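A quick write-up on the structure given underneath.
These figures come from a predicted structure and were not determined experimentally.
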Amino acid sequence: MGRLFATYDLETPTSLERAAEVIAGEQSSGTFLRLPGETDRLRERSGARVEQITVSSTSSTPSLPCRIGADIHTRGEIVLSWPLDNMGTSLPNVMATVAGNLFELAEVSALRLTDISLPEEFASAYPGPAFGRQGTLALAGVRDRPMIGTIVKPSVGLSPQGTASLVERLVEGGIDFIKDDELQANGPHCPFEDRLREVMKVIDTHANRTGRKVMYAFNITDELDVMRHNADLVQQAGGTCAMVSLFPLGLTGLSAIRRHIDLPLHCHRNGWGIYSRSPDIGISFRVWQKFWRLAGADHLHVNGIANKFTEPDATVVENARSLDDPLSSEHGYQAMPVFSSGQTAVQMEATCKAIGHTDFIYCAGGGIMGHPGGVAGGVASLQQAAEAAIGGVPAHVFAKDHKELSQALDLFGDKDCAGERT
């Protein structure tokens with residue numbers, strides 16, 4: 001069997017060599033002292049290896065609280081590897097190995113898991129996305145342009161009938177994709193079954209009249225048995241997408257629901273700031289997205305250019321592009337990036353240029369509903385912005401002959417969309 005490789009950004013009050021050895025021992029065959037059963041043969045077979053160490057900087061103070069005092073704290077990149085025999089092709093156990101009891105070690109004053117390389121054996125163990133980009137676009141009837149989407153707002157408080165009323169305005173306005181907010185799943189004020197029934201009435205009526213079925217991502221996040229039941233209800237009702245919240249669900253839950261239903265899984269990363277906010281601790285998106293894609297995520301949120309959160313544009317673009325990276329020689333496991341967070345027609349041009357293709361979902365809330373022309377005007381402005389970007393025409397030039405785009409640029413044009421914001 002192959003080996004698993006993990007890359008870390010490490011800072012330590014000791015030396016990188018010492019800290020790397022401690023981490024390798026802690027996360028494989030060793031503990032704080034040599035045990036009788038830990039033979040040289042066992043260590044050779046099952047111990048983690050330190051593959052590479054590169055020093056990058058030093059500082060006089062630790063980045064995070066640290067029990068070991070030192071005048072110098074050394075920072076750099078380390079690469080460790082493990083035999084697959086240790087954990088097998090189990091994503092939860094891989095996570096326990098590469099991101100277990102590392103971050104709190106006394107020899108660590110900063111630690112961030114920045115990349116992981118999984119051997120080919122995982123390709124046969126995990127089917128990955130069932131639809132991905134192309135399957136999603138085909139199901140939604142969209143070709144050669146981004147899918148224009150939005151989120152049900154207010155996030156909570158709408159009844160099933162109130163939600164359906166909003167959906168009716170959106171589908172009549174030409175939207176491609178609608179998602180539940182992550183805060184709305186199956187609460188007493190808006191029960192899942194009632195919301196599903198009322199929303200599908202609107203979507204089916206529109207589809208029967210126009211031949212175009214809008215994709216709605218129903219949030220099925222819940223206990224696993226309830227999730228399976230609600231996923232079945234979505235399929236029985238003719239729905240075309242299910243949504244889950246990745247961190248509450250976990251890898252096991254995501255993999256289980258992937259194997260249970262034959263619908264695109266729209267995967268929301270709410271809670272992401274826990275892992276992304278600090279450069280000194282956590283797990284990078286590059287690592288998480290590999291786990292999520294293997295487990296079956298079809299759509300993955302990547303934030304958006306000139307967003308309302310803390311991630312810089314360069315990171316957003318890097319995260320979106322990372323979904324292109326193949327995870328095996330036989331299966332690319334391509335997932336569709338979802339741009340959201342304060343998106344309007346203004347950011348469309350920069351988004352298309354930055355990722356180099358149009359196979360993505362572009363979700364705008366206020367950018368659609370706050371448009372002077374209403375929902376239809378907001379959707380049209382995004383479609384026109386995409387058309388301009390695809391044709392290589394600057395948005396402000398295209399807007400001269402397209403009223404809705406012109407109105408959007410006038411209203412939202414103070415966005416910084418150079419793609420280089422830090």
Side-chain angles (χ1 to χ4, degrees), residues 92 126-132 135-136 139-140 149-168 170-171 175-207 213-271 292 295-301 335-336 338 340 361 363:
Y126 288 90
F131 290 80
T136 296
L139 196 57
T150 194
I151 309 96
V152 172
K153 297 291 183 181
S155 307
V156 293
L158 292 177
S159 66
Q161 294 76 20
T163 304
S165 178
L166 174 60
V167 169
E168 185 172 18
L170 291 166
V171 299
I175 203 84
D176 300 315
F177 173 88
I178 308 168
K179 63 174 283 293
D180 280 332
D181 190 88
E182 68 272 15
L183 299 176
Q184 181 61 268
N186 194 20
H189 185 73
C190 192
F192 182 87
E193 292 191 35
D194 295 344
R195 185 170 76 257
L196 171 66
R197 182 182 62 252
E198 296 300 322
V199 167
M200 287 308 301
K201 283 180 187 177
V202 172
I203 289 176
D204 287 340
T205 297
H206 183 263
K213 191 166 191 175
V214 172
M215 180 175 285
Y216 190 106
F218 291 95
N219 185 10
I220 62 172
T221 305
D222 214 310
E223 299 294 340
L224 190 54
D225 55 345
V226 178
M227 255 199 338
R228 288 185 174 127
H229 173 71
N230 288 342
D232 290 340
L233 293 178
V234 174
Q235 290 202 259
Q236 292 163 13
T240 55
C241 192
M243 173 182 155
V244 294
S245 292
L246 290 164
F247 290 118
L249 199 61
L251 291 169
T252 299
L254 177 60
S255 180
I257 203 65
R258 168 75 290 156
R259 287 179 164 88
H260 183 74
I261 62 170
D262 185 29
L263 289 176
L265 284 177
H266 185 86
C267 297
H268 200 295
R269 61 177 193 174
N270 44 296
W292 290 331
D298 292 287
H299 312 157
L300 283 169
H301 281 242
M336 175 172 276
V338 181
S340 63
I361 298 174
C363 280

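- Side-chain atoms of R195 come within 3.5 Å of backbone atoms of C190 as a donor-acceptor pair (strictly under, hydrogens ignored).
- Formation of a donor-acceptor pair under 3.5 Å by the T205 side chain with backbone atoms of K201 is found in this model.
- Evaluation of the side chain to side chain donor-acceptor pair (under 3.5 Å) rule for R197 yields D194 as partners, not counting sequence neighbours.
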Are V244 and C267 close enough, and set up right, to give a side-chain contact (heavy atoms from CB on, under 4.5 Å), and what steps lead you there?
CA-CA 5 Å; V244 294; C267 297; 3.8 Å; yes
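- Take T150 and apply the side chain to side chain donor-acceptor pair (under 3.5 Å) test, not counting sequence neighbours, and it matches no residue.
- By the ring pair (Phe, Tyr, Trp, His ring centres under 6.0 Å) test, H268 pairs with H301, sequence neighbours left out.
- The side chain to side chain contact (heavy atoms under 4.5 Å, CB included) with V214 is formed by just one residue from the set T240, V199, V171; it is V171.
- Using a 4.5 Å heavy-atom threshold, the side chains of F131 and L265 count as separate.
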Extract all donor-acceptor atom pairs below 3.5 Å that involve side chains of residues 245-255 and protein atoms in other chains or at least two apart in sequence.
residue	atom	partner	partner atom	Å
S245	OG	N270	OD1	3.1
S255	OG	R259	NH1	2.3

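- In this pair, H299 and F177 present their aromatic rings perpendicular. The plane angle is above 60°, beyond the 30 to 60° band.
- Judged as a side chain to side chain donor-acceptor pair (under 3.5 Å), and not counting sequence neighbours, H189 has no contacts.
- Here S155 pairs with K153, D181 under the side chain to side chain donor-acceptor pair (under 3.5 Å) rule; sequence neighbours left out.
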